There are 2 protein chains.
Amino acid sequence: MTSDTTIPSQEDYLLDEQVGYVLRLANQRHTTIFQSHDTSGLTATQFSAMLRLAQYGECSQNQLGRYSAMDVATIKGVVDRLRQKGLVCTKPFQNDKRRSLISLTSKGAAMIEGLETAGRKITKETLAPFNASERQKFINLLKKLT
Amino acid sequence: MTSDTTIPSQEDYLLDEQVGYVLRLANQRHTTIFQSHDTSGLTATQFSAMLRLAQYGECSQNQLGRYSAMDVATIKGVVDRLRQKGLVCTKPFQNDKRRSLISLTSKGAAMIEGLETAGRKITKETLAPFNASERQKFINLLKKLT
DNA sequence: CCTAAATCGTTTGTATGCAAATGTTAATAA
DNA sequence: TTATTAACATTTGCATACAAACGATTTAGG
């Protein structure tokens, strides 16, 4: 015989080498770092929605979800909680009875600059294991994956 | 005066450049790919727990959580659902009344090889935007981040 | 004009994910 | 040996995250 009856797999399957698993770990680490900074009581998801509102201005709820990469059900919960905190408000849209326009309140708008400052620190701390070259390489690869 | 009164930030803060945001997007993409493959009705989280059980053999619930990088509350839910599916079982641990031992059922054990095959495809498809060199570089950077 | 398709917001159901608190049991230190 | 500490499993509460279905409204095609 020229070969064994049991053919071994080309390589062991190691969970720790799988991109999905390691992505999950990286996310966990980032979440921990995020929560250790002062982001005015916002979660990372709420943070994203706030910054998108600041970036794009008032828009519909579903549009904000698309800007922020959130499902319609997810963005609804996020907007509800931001409204409870008094950071965003909603007004009906004249030309379309289906939708309403969401925008930052003055309280929410006043918060943006501080959020950006915190965000810079969070990104910096998250990428701390890298040197400058690795940092840029990593972000570029990550964006290529999206 | 040698400088303006308003000092512009060194750089704009762009959400799309922040590691946390892009990590979230990468995770979303991986989840979508995962769910498009046949993993016998398992979620990615359940998949991880199953493979860890196969790798380490029977262990306590909290230990399995540590192996799989899951909180005690999270691993409880995962184990509960795997038990409902008949893929794992629990037996009391003689020497310690606090813990019970979790192990794969024969049905669960029979599933492992297929899960690994699916897992290989999922990782390959997730990393498809990369060439071979980028692939390895990315995984290494990602692991360095953890 | 009118029907079919698309969009908007909402709701329900399932599954993470983590903080915090609880009760039980085991190990350790005084 | 007793008191403290630690580990285990469970539970509650909150916040994503997404699929699927729903009614209302708008748009587009015939």
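The structure displayed is predicted, hence computed values, not measured ones.
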Is there a side-chain contact between B:Met50 and B:Val88 in this structure, where contact means two heavy atoms from C-beta onward sitting under 4.5 Å apart?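 In contact.
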For B:Ala73 and B:Ala44, find the nucleotide of DNA chain C closest to each by heavy atoms; which residue's nucleotide sits nearer the 5' end? B:Ala44
No-hydrogen, no-angle side-chain donor-acceptor test under 3.5 Å, B:Gln63 and B:Arg66: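 Present: a donor and an acceptor within the cut-off.
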Taking for each residue the nucleotide of DNA chain D with the nearest heavy atom, is it B:Thr32 or A:Arg81 whose nucleotide lies nearer the 5' end? A:Arg81
Could you say whether A:Gln46 or A:Gln94 is positioned toward the 5' end of DNA chain D, judged by the nucleotide with the nearest heavy atom to each? A:Gln46
Supply the atom-to-atom distance B:Arg52 CZ to A:Asp16 CG, rounded to the nearest 0.5 angstrom.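 Separation between the atoms: 4.0 Å.
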Closest to side chain of A:Asp71, choosing from C:dC18, D:dA19, D:dT16: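 The nucleotide sitting nearest to the side chain is D:dA19.
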At a cut-off of 3.5 Å, list every protein nitrogen or oxygen paired with a nitrogen or oxygen from nucleotides 6-9 of chain C, distance to 0.1 Å.
residue : atom : partner  : partner atom : Å
C:dT7   : O2   : A:Arg98  : NH1          : 2.5
C:dC8   : OP2  : A:Arg66  : NH1          : 3.2
C:dG9   : OP1  : A:Gln61  : N            : 3.4
C:dG9   : OP1  : A:Ser100 : N            : 3.2
C:dG9   : OP1  : A:Ser100 : O            : 3.4
C:dG9   : OP2  : A:Gln61  : N            : 3.4
C:dG9   : OP2  : A:Asn62  : N            : 2.8
C:dG9   : OP2  : A:Asn62  : OD1          : 3.4

[N] [atom2] sits how many Å from [X] [atom1], rounded?
X: B:Arg24; N: C:dT16; atom1: CZ; atom2: C1'; value: 15 Å
X: A:Phe93; N: D:dT25; atom1: CZ; atom2: P; value: 16 Å
X: B:Ile75; N: C:dC18; atom1: CD1; atom2: P; value: 11 Å

Using a 4.0 Å heavy-atom cut-off across all strands, classify B:Thr43 as base, sugar-phosphate, or nothing. sugar-phosphate
